[in-house]
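To start, the structure under review is shown below, and the notes come after it.
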Amino acid sequence: MATVTFDHVYKRYSADVVAVNDLNLEIADGEFLVLVGPSGCGKTTALRCVAGLETISDGKLYIGDRVVNDVAPKDRDIAMVFQSYALYPHMSVYDNLAFGLKLRKTPKADIERRVKEAAGILGLERFLDRKPKALSGGQRQRVALGRAIVREPSVFLMDEPLSNLDAKLRVQTRAEIARLHQRLGTTTVYVTHDQVEAMTMGDRIAVMKDGLLHQVGTPQELYDHPTNVFVAGFIGSPAMNFATVKATEGEDLMLGSAKLNLSGAAAKAAADRPKGADLLIGFRPEHLDIADGQADTVSIPARVDVVEYLGNEELIHAQAEGTEIVALIPSDRRVKPGDQVNLGVPLEKLHMFDPESEQSLVA
């Protein structure tokens with residue numbers, strides 16, 4: 001096992017196209033780190049730099065204590081799982097698993113041991129004689145994982161390995177990969193655009209956009225304390241609500257004609273703004289409920305447009321002074337389209353951002 005360190009790493013395709021921009025990130029030995037962000041944010045390019053499939057324009061990349069900028073991919077002691085399964089269709093599962101080891105002239109007994117161990121870990125013992133075409137999508141993905149496991153590398157690299165699976169299989173395979181990491185403890189760098197995958201799998205998450213690293217931390221840290229509007233809106237499902245409000249002379253805010261009463265850190269952030277200045281507030285759908293006058297709660301008057309019944313919960317789409325708000329509330333609230341409601345959010349769950357810099361104003 002080994003650490004992976006990006007030390008001021010850049011990847012430029014031209015003067016105008018910078019895929020990875022001054023990336024500084026240290027991935028601890030044995031850590032499961034998820035690189036997440038929208039398409040084109042640079043996460044896959046960063047992973048390919050670790051794999052040696054992209055040359056680094058500037059900076060240094062370390063695997064362990066060794067700078068690997070000019071080290072060939074085969075000599076980096078890494079194993080990569082791609083988005084496509086990339087299995088050899090004419091080979092059995094056993095031969096697919098063993099192929100890379102045979103190329104490296106690994107002793108036959110060692111190959112046998114590693115393949116059987118990997119098959120046992122992934123539940124593939126029954127399928128070793130089958131060809132890939134006789135396997136389901138989930139089984140093929142497990143073979144792709146097994147091919148990485150038999151390498152016994154210092155670092156696993158995974159590039160959106162679940163994107164070709166249906167929703168149910170994604171959930172199952174997600175759990176399998178998490179269990180696999182707990183068992184093997186190998187340093188893993190996992191790329192995805194799916195923030196649910198990132199939140200459920202990663203020890204830490206690194207959020208990227210436009211080649212820049214915006215925030216890195218545990219799932220809880222990113223959920224509770226996003227550093228800017230992008231991270232706040234990207235992490236969490238359903239996505240965070242945002243509304244533009246105006247500061248008053250005191251510690252309160254105005255959402256259109258509705259007054260939002262504040263206290264604590266939120267009130268201090270509001271009081272620091274000049275009267276009439278804009279602020280951006282954020283609050284998550286799951287933190288909203290029908291307000292009943294409880295203390296330490298911001299009450300937002302709204303009109304319900306659409307109610308989506310989800311069983312024990314309902315997804316409420318409402319309008320508050322021209323701002324669309326989504327709330328995830330218990331279904332026993334009996335809310336109907338057309339209802340006028342007060343949606344309450346606890347003050348400690350209210351996020352505030354500077355509308356120009358988009359940086360958080362509340363720690």
Side-chain angles (χ1 to χ4, degrees), residues 1-37 39-84 86 88 98-107 110-111 114 144-145 147-161 181 184-193 202-214 216:
M1 293 185 286
T3 58
V4 176
T5 305
F6 293 86
D7 183 9
H8 295 284
V9 168
Y10 289 80
K11 174 58 185 177
R12 301 184 187 92
Y13 290 105
S14 68
D16 299 325
V17 181
V18 183
V20 177
N21 192 342
D22 196 19
L23 179 57
N24 287 285
L25 179 63
E26 183 168 343
I27 303 160
D29 188 6
E31 182 177 20
F32 195 117
L33 182 120
V34 179
L35 286 170
V36 68
S39 296
C41 72
K43 58 188 185 296
T44 294
T45 304
L47 189 80
R48 288 171 63 85
C49 287
V50 181
L53 302 177
E54 296 283 358
T55 56
I56 293 171
S57 304
D58 278 304
K60 294 179 180 179
L61 179 73
Y62 294 84
I63 296 180
D65 296 327
R66 182 172 63 145
V67 177
V68 296
N69 291 41
D70 300 319
V71 176
K74 66 183 180 64
D75 297 324
R76 294 192 179 198
D77 197 19
I78 54 96
M80 191 161 181
V81 180
F82 294 92
Q83 183 175 347
S84 61
Y88 297 105
F99 184 70
L101 299 178
K102 291 177 180 176
L103 286 181
R104 289 170 176 78
K105 311 294 186 191
T106 305
D110 202 17
I111 293 174
R114 293 195 196 184
L145 287 168
R147 194 167 49 190
I149 291 170
V150 298
R151 293 276 309 278
E152 298 180 354
S154 296
V155 181
F156 285 133
L157 306 177
M158 300 190 184
D159 185 13
E160 304 203 38
H181 179 257
L184 300 178
T186 305
T187 306
T188 301
V189 187
Y190 186 103
V191 162
T192 182
H193 65 274
D203 297 326
R204 285 192 306 154
I205 301 170
V207 184
M208 296 185 69
K209 180 188 178 187
D210 298 332
L212 292 168
L213 178 64
H214 279 247
V216 59

Listed partners of Phe156 passing ring pair (Phe, Tyr, Trp, His ring centres under 6.0 Å), at least two apart: none
With sequence neighbours left out, the residues meeting side-chain hydrogen bond (donor to acceptor under 3.5 Å, both in side chains) with Glu26 are none
Applying side-chain hydrogen bond (donor to acceptor under 3.5 Å, both in side chains) to Thr45 and not counting sequence neighbours gives none
More than 12 heavy atoms from other groups under 6.0 Å of NZ on Lys102: yes
Nearest heavy-atom pair of Leu33 and Ala206: which atoms, and what distance? CD2-CB, 4.3 Å
Applying side-chain contact (heavy atoms from CB on, under 4.5 Å) to Arg76 and not counting sequence neighbours gives Leu61, Ile63, Val68, Val71, Ile78
Report the C-alpha distance between Asp58 and Arg12 in whole Å, list the side-chain angles of each, state the deciding distance to 0.1 Å, and finish with yes or no for salt bridge (charged side-chain N to carboxylate O under 4.0 Å, His left out). CA-CA 9 Å; Asp58 278 304; Arg12 301 184 187 92; 2.5 Å; yes
Is Val216 close to Ile205 at the side-chain level, that is, under 4.5 Å between some pair of heavy atoms? no
Tell me, please, which residues at least two apart from His214 pass ring pair (Phe, Tyr, Trp, His ring centres under 6.0 Å). Phe230
Applying side-chain hydrogen bond (donor to acceptor under 3.5 Å, both in side chains), can you list everything that pairs with Arg151, at least two apart in sequence or on another chain? none
Can a donor-acceptor pair be found, under 3.5 Å and without considering hydrogens, that links the side chain of Thr187 to the backbone of Ala2? yes
Kindly compute the distance separating CZ (Arg48) from CG (Leu157), expressed to the nearest 0.5 Å. 11.0 Å
Euclidean distance, Met158 CE relative to Leu47 CG, rounded to 0.5 Å: 10.5 Å
Who pairs with Ser39 by side-chain contact (heavy atoms from CB on, under 4.5 Å), at least two apart in sequence or on another chain? none
Among pairs that include at least one residue of residues 4-31, which meet ring-ring contact (aromatic ring centres under 6.0 Å, His included), considering only residues two or more places apart or in two chains? none
Is the shortest heavy-atom distance from the side chain of Lys11 to the side chain of Asn21 under 4.5 Å? no
Among residues at least two apart in sequence or on other chains, which ones pass side-chain contact (heavy atoms from CB on, under 4.5 Å) with Ala86? Ser84, Arg147
In Å and rounded to the nearest 0.5 Å, what is the NZ to CG distance from Lys43 to Leu23? 13.5 Å
List the atom of Val81, the atom of Ala144, and the distance in Å for their closest heavy-atom pair. CG2-O, 4.0 Å
Check Thr5, Val9, Leu35 against Leu25 for a side chain to side chain contact (heavy atoms under 4.5 Å, CB included) and give me the one that passes. Leu35
Nearest heavy-atom neighbours spanning Met208 and Cys41: O-CB, 3.5 Å
Could you pull out the closest heavy-atom pair between Ile27 and Arg204, with the gap in Å? CA-NH2, 4.1 Å
Applying side chain to side chain donor-acceptor pair (under 3.5 Å) as the test, list every pair that has at least one member in residues 64-74; sequence neighbours left out. none
Which pair of heavy atoms, one from Ala51 and one from Pro73, lies closest together, and at what distance? O-CB, 3.3 Å
Between Val50 and Val4, is the side-chain contact (heavy atoms from CB on, under 4.5 Å) condition met? List the steps. CA-CA 8 Å; Val50 181; Val4 176; 4.2 Å; yes
Between Tyr190 and Phe32, how do the two ring planes meet: parallel, tilted or perpendicular, split at 30° and 60°? tilted
Nearest 0.5 Å, please: how far is CD in Glu31 from OG1 in Thr188? 9.5 Å
Taking the side chain as everything from C-beta on, heavy atoms only, tell me whether Leu53 gets closer than 4.5 Å to Met80. yes
Of all residues at least two apart in sequence or in a different chain, which pass the ring pair (Phe, Tyr, Trp, His ring centres under 6.0 Å) check with Tyr88? Phe99
For Asp203, what residues pass the side-chain hydrogen bond (donor to acceptor under 3.5 Å, both in side chains) criterion, not counting sequence neighbours? none
If you define the side chain from C-beta out and look only at heavy atoms, does anything of Thr192 sit under 4.5 Å from Val34? yes
